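The structure under discussion appears below in the form of structure tokens.
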Amino acid sequence: MADNKGAEPAKPAPVKTTLKVALLTPGPVSDSGWSALAYDGLKAIESDLKAEVGNQEAKDAQIKDSMRSYAQKGYNLVFGHGFEYNEPAIDVAKEFPNTVFVSSSGGKTAANVGAFRFALEEGFYLAGITAGELSKTHKVAMIGGPDVPSIRSTFKAFAAGAKSVNPDIEVIEKFTMDGQDVAKAKQATLAAIDQGADLVIHQANAAAQGVFDACKEKGVLAFGANLNQNDNPSGVVLASAVIVAKPAFIELAKRVQAGTYRGEITTAGMTEGAIMFTFNPKLADKVSPDIRKKIDIASLSIINKALKVPMDSF
Amino acid sequence: MTEVVDILRFAAPIGLAATGETIGQKAGVLNVGLEGMMLAGSYAAVIASGASGNPWLGFGAGMVAGAALGLVQALFTLKLAADQVVAGTAVNLLAMGLTSALFRLQFGTSGKLLSVPTLPKFAGGLDLVLIGGLLAAAAGAWVLAKTKFGLALRACGEYPSAAQAAGFSVTKIRLIAALAGAIAAGAAGAYLSLGISGSFAENMTAGRGFIALAMVTFGRWRPVWVAVATLFVGAADWAQFSVWAQNPALPPQAWRALPYVLALVVLVCAGRGVAAPAALAAPFQEEA
Amino acid sequence: MVHQHFMLVPEFTARENIALATMGNTRGVLHPDELSRTAQTWAKKLGWELPLDTKAGRMPVGVQQRIEILKVLALDSQVLILDEPTAVLSPAEIADLFRVLRQLAGEGRTVILIAHKLSEVLSVADRVVVLRQGRKVAEAAAADVDAAQLETWMVGGRDPLQLAESHGGGEVVLEATAVTVLGDRGSVAVDGIGLECHAGEVFGIGGVDGNGQLELAEALAGVRPVSEGQVRRPDKTGFVPQDRRGDGLALDLSVQENLAVGMMDDHGLRFGPFMVPARLRASAQNLVSEFSIKVADVRDRVGGLSGGNQQKVVVSRVLNQNPELLVVMNPTRGLDVRATDFVHSVIKHAAANGAAVVLFTTDLDELDLLSDRKTYMSGGTFTQTMGGATV
Amino acid sequence: MRFVLSSIGMVLILALTFAAFGLDVGKSLALVAQGAFDPAYGWPTTLTRATPLCLTALGVAVAWRAGTYNIGGEGQYLVGALAAAACAAGLGGASPALWAPVLLLGGVAGGAAWASLATWAWLKRGVQLVVSTILLNFIAVELVAFTVRGPLQEPTHARPMTAALPNSAMLLQLVRGTSLHTGVFVALVAVVAVWVFVAYTRQGLVLRIVGANPRLARTERLPVSKSQFLAMAISGGLCGLAGAVEFSGVTGRLSDGFSQNWGFLAIPVALLGGLEPLWVGVSALYFGALFAGTENLTRYTPIGNTVVPVVQATAVLAFLGLGKLMQRIRRPVEEPA
């Protein structure tokens with residue numbers, strides 16, 4: 001146990017034995033979205049780094065107990081997939097200097113606590129541009145599951161993207177307050193389409209199929225989110241704003257393993273290859289080369305940091 | 001018109017479950033496991049529809065799943081005379097755990113957006129289940145009011161000893177009523193997944209079973225009024241997504257709470273009405 | 001079989017109740033009219049009026065009794081078993097019932113009547129069987145035995161009942177003036193009645209059930225509000241309700257707890273907001289032995305006791321509070337001879353000790369035996385006749 | 001005896017369920033035992049989980065004993081927490097010694113008020129408690145969702161939650177490295193208090209009589225409506241207290257996910273405890289252990305939390321079946337004709 005004296009606070013040492021990594025998610029990891037992508041990242045750590053992994057769906061009252069339990073069992077990295085894990089991590093981390101606690105977003109840090117955020121907003125911004133260009137009704141919609149800051153932030157980016165090419169566009173926003181209620185997601189989407197939206201983006205996790213189904217029923221196009229959903233059987237997904245979690249997760253785990261992780265707040269976006277915006281090749285004919293060009297230019301600007309996509313801090 | 005059909009479609013799962021539950025409660029059986037039976041119905045329907053490619057097979061599987069859970073619950077509540085609330089709670093937990101576990105087993109731990117063949121629709125958005133469900137609800141009301149079985153069933157809910165004295169097996173009649181309710185709940189879940197969503201997600205019923213329970217009381221145990229109550233809540237639900245956008249003066253949570261607040265206000269204003277079946281949720285031990 | 005506790009669904013109409021009992025199976029469409037036709041024919045034949053569209057729960061018990069009998073007759077039963085059918089009937093109704101039973105027997109049917117009241121048994125039966133503790137102890141033609149003989153068979157001989165003498169004539173303890181009381185459904189059940197009851201007397205009120213006795217009794221006891229008029233009663237008023245299982249006991253609670261209902265404010269048993277368990281128990285045990293209530297342990301469920309012992313629990317609880325006014329309603333309904341004697345003696349004893357007692361009863365013998373003064377109730381007012389029989 | 005039997009039964013049930021899920025039975029049982037009973041963190045977690053469960057279940061027990069079928073524990077729990085959070089927001093710079101009592105009392109008041117709404121609708125307007133309390137549950141969820149995004153949102157207005165309670169205002173941590181806090185004593189005191197109240201006070205006796213037969217209470221001129229109102233208020237108060245305890249003991253914040261369904265689970269816990277306060281306490285401990293154990297299990301097995309509800313359901317059903325069987329054996333002795 002390397003106990004540093006002086007100004008430099010205690011920091012976790014390199015891991016000599018098997019790396020142990022835990023993931024805490026706010027919802028079921030089977031949600032085909034937010035929690036699922038983190039779980040896939042965890043599985044990648046398990047197979048690529050031969051790590052021992054654990055995961056738990058932990059909310060409010062369970063968060064600290066879960067963190068402590070993993071830390072007590074000698075886990076090296078405990079990843080909380082949401083801003084709500086940031087502050088509990090600060091409290092718990094004091095008791096376990098040898099475990100690194102990282103949350104997805106959140107503003108506080110310590111020697112062994114940091115936050116790590118995917119800039120999905122960038123993908124949503126590009127989707128917004130596409131929607132703004134393609135919409136004939138000048139109305140587009142965003143269907144959210146739970147009303148949480150991470151989702152609101154991506155929606156803001158989508159709206160900003162759409163308005164950047166079509167200042168008069170109306171952006172309809174609806175939350176079902178539930179990431180599992182497929183029927184509600186469909187109902188909300190149908191209502192949005194009834195109000196004139198002809199392109200729909202979602203943040204509905206497991207309920208996303210309801211969004212796509214509604215689009216299919218009404219003959220409008222949709223965007224996938226979090227995962228690449230272009231091959232969804234509904235055939236309505238024009239493009240997806242994708243989080244490429246695997247390299248980022250492995251990179252994080254490697255740094256913990258090497259003992260080089262320092263508590264910090266980092267963002268992984270298109271520059272780091274963690275966010276992609278990919279068109280569905282099957283629907284290639286729907287997007288004119290002109291629009292594709294605009295998207296390419298915007299992508300480059302984002303990667304070059306010439307274009308700053310709006311992003312809420314929370 | 002589309003609005004009316006939409007309201008009808010989205011209210012249908014709750015309506016189906018609530019109508020079935022009305023029949024059960026009329027016989028004195030309180031089915032707190034409604035939510036679990038709906039969820040099991042949703043799951044079985046999607047799996048069967050996906051595997052066979054035939055949504056009607058899926059729909060049937062949903063009803064079977066509801067019935068299976070109904071049997072489990074009946075074993076405890078009717079045979080062992082266990083507390084109906086506790087047994088129902090257990091059935092809910094069981095359905096929630098099992099459907100999630102099976103879903104993950106089949107489609108991977110990180111899940112999958114399922115898309116399965118859905119029930120065919122006529123022009124205008126109506127479908128067979130919707131029409132069939134309305135007919136079935138009407139038939140249920142008719143059976144309750146106009147048949148010998150209905151009379152015996154209601155006697156079981158009001159004063160089971162009288163039904164027994166008249167030579168009927170209370171347990172058997174209650175079992176039939178409970179199963180009818182369970183099958184309706186299964187069908188409700190199946191419609192939720194095959195008629196509306198075309199998909200399954202863990203815990204996708206999201207409390208509709210509990211709302212259906214509330215609707216039975218709200219509708220004062222009269223099938224027609226239960227249906228009206230369901231449509232009322234369905235309309236409020238629809239308004240949440242349609243009217244809200246035009247009137248953002250109220251916070252969205254207020255819109256979501258609106259159906260329940262209105263229901264409460266209506267009940268308070270309506271005052272005393274028909275009481276619950278006297279023997280509701282009371283176990284009955286047949287005398288040898 | 002006509003049960004002592006009616007097998008009628010309170011929420012069903014008479015028609016539906018008859019249909020339920022006579023339809024036999026659960027197949028097919030319900031035709032309540034057809035199903036109740038036989039019963040209607042019988043009703044006509046027996047001279048009974050049948051309120052087909054009234055809910056059973058809203059009928060006087062006498063009418064419910066008729067429906068029970070019609071149910072059986074509609075099935076064309078050759079054997080009728082009636083368990084204590086007269087318990088709730090007025091003398092006129094009893095006479096009517098016996099007329100019908102004789103008529104049925106005359107048609108070649110077998111009627112088995114289970115009853116406690118010897119005079120009734122002898123007045124209607126052809127043959128008498130006496131059962132005691134599950135055994136047949138005697139059998140005889142009714143013509144060959146008298147009441148005394150029957151009684152000996154039933155209880156194995158007993159001392160003649162010694163009742164305490166009550167005189168009345170004390171101060172006015174209860175005074176009701178122009179009292180109007182509403183029934184459960186808001187209709188006028190008691191219509192401007194006035195009465196006085198003096199310390200030390202038993203004031204008997206006879207009449208057929210459902211003529212406002214329940215409402216008047218509850219109003220006098222302070223359980224039901226009066227809509228007009230005034231009732232002046234002492235603070236210490238005891239009430240023995242007629243439906244002891246429904247109104248007088250909490251069947252799922254213990255004997256001790258049921259007795260405690262009447263002892264809660266006994267200061268020896270209370271310590272601030274607390275009840276002292278040991279003293280509560282001791283006090284309950286005293287009552288149990290004083291009233292010879294047969295119970296193994298005062299912590300046993302009261303629902304497990306026999307009817308007589310349940311009534312003793314109610315009566316002992318009420319009397320234990322030394323009421324200045326005692327309102328009693330059909331106190332011996334459904335009890336056997338011994339229990340009846342016991343209840344009669346304690347009521348009389350209470351009066352002799354200075355309590356004012358208002359006794360409501362449908363049993364004319366009981367009314368005559370206990371009352372110092374008496375009147376009858378009909379249609380919510382006092383009359384001098386009862387159920388058609390002039391007194 | 002009863003406990004030895006049911007403990008053996010419980011282990012069997014767990015083993016069977018794990019086998020059915022394809023888990024290593026021995027390892028899984030060890031994980032559950034460790035999560036529930038390990039002296040360093042198992043026991044404390046069991047007690048932490050049992051605390052809100054015990055309070056809400058006591059609430060259910062009091063109400064049901066009085067014949068008021070309160071199934072709105074969930075809503076009352078939420079409103080209790082909400083009231084505590086509102087008190088916290090209002091306290092501002094007040095002395096730290098004041099916080100805990102004010103918060104807890106606030107929770108009691110909030111829960112009691114929420115329950116009283118339903119009682120009022122029932123006694124004055126005849127709206128059945130079963131339906132009104134369910135409706136109020138739904139409304140409470142939305143109320144919390146609104147307040148954490150509106151009036152009580154944390155100062156930056158970025159997250160849907162209230163500001164964190166300052167550490168000095170939190171209930172004291174009892175065992176380092178665990179969530180166990182002094183709220184467990186609140187639950188313990190509540191068990192004893194409710195037990196004494198129900199079994200040994202005049203008001204408790206009145207309440208039981210009203211619950212066992214309101215018509216008897218009426219004939220004996222006991223205040224029926226008043227007692228029912230009181231029972232519901234106590235019940236709601238206990239559920240509200242549970243919310244306030246969880247808020248000021250564990251989370252320190254209120255957000256959408258605050259409820260762990262303690263209000264719903266309270267019903268089976270109370271019923272399995274036979275509505276007897278002391279047994280309700282034991283029953284809550286049992287369930288607390290089950291939660292703590294299965295939580296630990298899900299951390300270290302790939303099956304995830306899907307196994308948890310299945311285990312709970314099987315456990316409840318087995319209790320029901322076993323209990324009924326035992327009752328059947330006893331019954332003939334119990335009821336002399």
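Throughout, a chain's letter reflects where its sequence line sits, starting with A, and its residues are numbered from 1. Not measured: the values here are computed from a predicted model.
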**OP:** Please look at B/A278 and chain C and tell me whether the side chain, the backbone, both or neither of the residue comes under 4.5 angstrom of a heavy atom of that chain.
**Re:** neither
Original post:
Which one of C/L75, C/T22, C/L35, C/V9 has the most heavy-atom pairs closer than 4.5 Å to chain B?
Top reply: C/V9
Against chain B, label [X] side chain, backbone, both or neither, depending on which of its atoms sit under 4.5 Å from a heavy atom there.
X: C/P10; value: side chain
X: C/N17; value: neither
X: C/L20; value: both

**OP:** Take C/L305 and C/V302, measure what side-chain contact (heavy atoms from CB on, under 4.5 Å) needs, and give me the verdict at the end.
**Re:** CA-CA 6 Å; C/L305 302 187; C/V302 85; 3.9 Å; yes
Subject >> Carboxylate-amine/guanidinium proximity below 4.0 Å for C/R37 and C/E34 >> reply: no
Original post:
Between C/R109 and C/D76, is there a salt bridge with N-O shorter than 4.0 Å?
Top reply: yes
Subject >> Note, C/L30 side chain near C/M23 side chain (heavy atom, < 4.5 Å) >> reply: yes
**OP:** Have a look at C/R224 and tell me which of C/V190, C/L182, C/V181 forms a side chain to side chain contact (heavy atoms under 4.5 Å, CB included) with it.
**Re:** C/V181
